[in-house]
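Because the structure is a prediction, the values reported are computed rather than measured. Each ligand, and each atom within it, is numbered from 1 in the order the structure gives.
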Amino acid sequence: MKQLALGVPKGSLQESTIRLFRQSGWKISLSDRNYFPEINDSDINCSICRAQEMSRYVESGTFDVGLTGRDWIMENDSDVIVVTDLVYSKVSQRPARWVLAVPMDSPVRDLQDLQGKKIATELVNFTRRYFETEGVKVNVEFSWGATEAKVISGLCDAIVEVTETGATMRANGLRIVKELMQSNTQLIANRQAWEDPWKRAKIEHISLLLQGALRAEDLVALKMNVPEEKLNEVIKLLPSLNAPTIAHLYMSTWLSVETVVSKNIVRELIPRLIQGGAEGIIEYSLNKVI
Ligand SMILES: Nc1ncnc2c1ncn2[C@@H]1O[C@H](COP(=O)(O)OP(=O)(O)OP(=O)(O)O)[C@@H](O)[C@H]1O
Ligand SMILES: O=P(O)(O)OC[C@H]1O[C@H](OP(=O)(O)OP(=O)(O)O)[C@H](O)[C@@H]1O
Ligand SMILES: [Mg+2]
């Protein structure tokens, strides 16, 4: 039977990836210590793999398709098809940032101040290439993790490390000198798999639904009743992203207005809609927006 081999990233992206798949209609069930999760789709064969190694396994064809950060694809310089960007991180829907950081009291203000100095990072190739392009000679050392601690203990002069919320930087009293790269999750495919019509169709299907589920996370639907004479005023208050749907209420001069808006404006919008004459407002969450 034909199956698509899917790689799901272990580590920071694991939970958010499994949540996004669930929202998209695929339930991935993982029992403790098992690297071959169940998935409720007999077309897919699922494996867990470190984000750092994912692009290499997709390039070699071990996986037809996988998810990982753009950072590790660049680090490994992997020849894969980027099917789509999916902008989510460990806890947010923002990209992660790779930054050059030093202790708060370090004299380093600029990239050039690091000439001849030692930098620790997990992203060795990227960092070497970055400093080379800038013409600054540095000694880049690989770090297995807990990199922030090394610069505080004086084991290196600066670090290149990933940050999302900034909590770890703050907790360790580090100062960001420069942002070197932004990275987000990407859905990547093996070149041969992409040429196989069955596999490509399946990958595109997954991509479409993942994008739809991700888009829906930021949005909510609003529905309200509005008397005819207030309709124009209420419509003006709604963001003009999509034209709202207007329907007549049964045996009434009132209208029903339905629209999709960004989650973060609802708090401000609802009182204004009430002032504008809307009543019976309901807000509901969306699973997918395609
Ligand atoms: N808050 C975050 N912290 C770390 N990595 C993040 C975060 N948000 C997104 N990422 C992305 O997750 C991937 C990191 O996954 P990876 O498995 O390499 O490390 P990890 O999950 O931090 O594992 P480890 O336990 O070894 O540190 C990268 O592509 C990175 O850009
Ligand atoms: O900006 P923040 O939201 O605080 O996130 C960034 C931190 O998260 C990751 O650590 P991880 O948990 O992967 O531990 P590690 O040091 O072992 O990589 C990353 O390496 C940073 O230390
Ligand atoms: Mg990590």
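- Every residue two or more places apart in sequence or in another chain that forms a side-chain hydrogen bond (donor to acceptor under 3.5 Å, both in side chains) with D79 is listed here: R191.
- Interface atoms of ligand 1 facing G69, defined by a heavy-atom separation under 4.0 Å, are 29 (O).
- Protein heavy atom at the shortest distance from atom 8 (N) of ligand 1 is K90 N, 3.1 Å.
- Taking all heavy atoms of T168, D71, T185, T163 into account, the minimum distance to atom 31 (O) of ligand 1 is reached by D71.
- Proximity of atom 27 (O) of ligand 1 to the protein is not indicated, since no non-hydrogen protein atom lies closer than 4.0 angstrom.
- The environment of CD in Q112 is crowded: more than 12 heavy-atom neighbours from other residues, nucleotides or ligands sit within 6.0 Å.
- Protein residues having a heavy atom under 4.0 Å from any atom of ligand 2 are S12, K90, E122, A146, E148, E161, V162, T163, E164, T165, G166, A167, T168, listed by chain and number.
- Within the listing of ligand 1, atoms 21 (O) sit less than 4.0 angstrom from a heavy atom of G11.
- The aromatic rings of W144 and F142 stand perpendicular to each other, their planes meeting at an angle above 60°, with 30° marking the opposite boundary.
- Shortest contact from atom 22 (O) of ligand 1 to any protein heavy atom: S12 OG, 3.0 Å.
- Under the salt bridge (charged side-chain N to carboxylate O under 4.0 Å, His left out) criterion, the residue pairs touching residues 97-112 are R97-E179, with sequence neighbours excluded.
- If you number the atoms of ligand 1 from 1 as listed, the ones under 4.0 Å from a heavy atom of A51 come out as 15 (O), 16 (P), 17 (O), 18 (O).
- Applying the side-chain hydrogen bond (donor to acceptor under 3.5 Å, both in side chains) criterion to W26, with sequence neighbours excluded, gives D41.
- In the vicinity of K10, heavy-atom distances shorter than 4.0 Å reach the ligand 1 atoms 17 (O).
- For K2 and D43, the salt-bridge test fails: no basic side-chain N is under 4.0 Å from an acidic carboxylate O.
- At least one side-chain heavy atom of K118 sits less than 4.5 Å from a side-chain heavy atom of E141.
- For atom 12 (O) of ligand 1, the nearest protein heavy atom (residue, atom name, distance) is L13 CG, 3.3 Å.
- Checked by distance only, ligand 1 and Q52 come closer than 3.5 Å through their nitrogen or oxygen atoms.
- Within a 6.0 Å radius of CD in E38, other residues, nucleotides and ligands contribute 12 heavy atoms or fewer.
- Residue D85 forms a side chain to side chain donor-acceptor pair (under 3.5 Å) with just one option from Q211, Q186, R70, and that option is Q186.
- The closest approach between V162 and ligand 1 falls below 4.0 Å for a heavy atom of the residue.
- Among protein heavy atoms, atom 14 (C) of ligand 1 sits closest to W72 NE1, 4.0 Å.
- Side chains of E258 and P244 form no contact here, defined as non-hydrogen atoms less than 4.5 Å apart.
- Nearest-heavy-atom check against atom 2 (C) of ligand 1 across E161, E164, R50 picks out E164.
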Item to complete: Could you walk me through whether T84 and S207 pass side-chain contact (heavy atoms from CB on, under 4.5 Å), step by step?
Response: CA-CA 7 Å; T84 187; S207 169; 3.4 Å; yes
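- The S89 neighbourhood of ligand 1 comprises atoms 8 (N), 9 (C), with distances under 4.0 Å to a heavy atom of that residue.
- Looking at D218 and K263, no side-chain N of the basic residue comes within less than 4.0 Å of a carboxylate O on the acidic one, giving no salt bridge.
- Two residues are said to be in side-chain contact when any heavy atoms from C-beta on lie closer than 4.5 Å; F63 and M54 meet this criterion.
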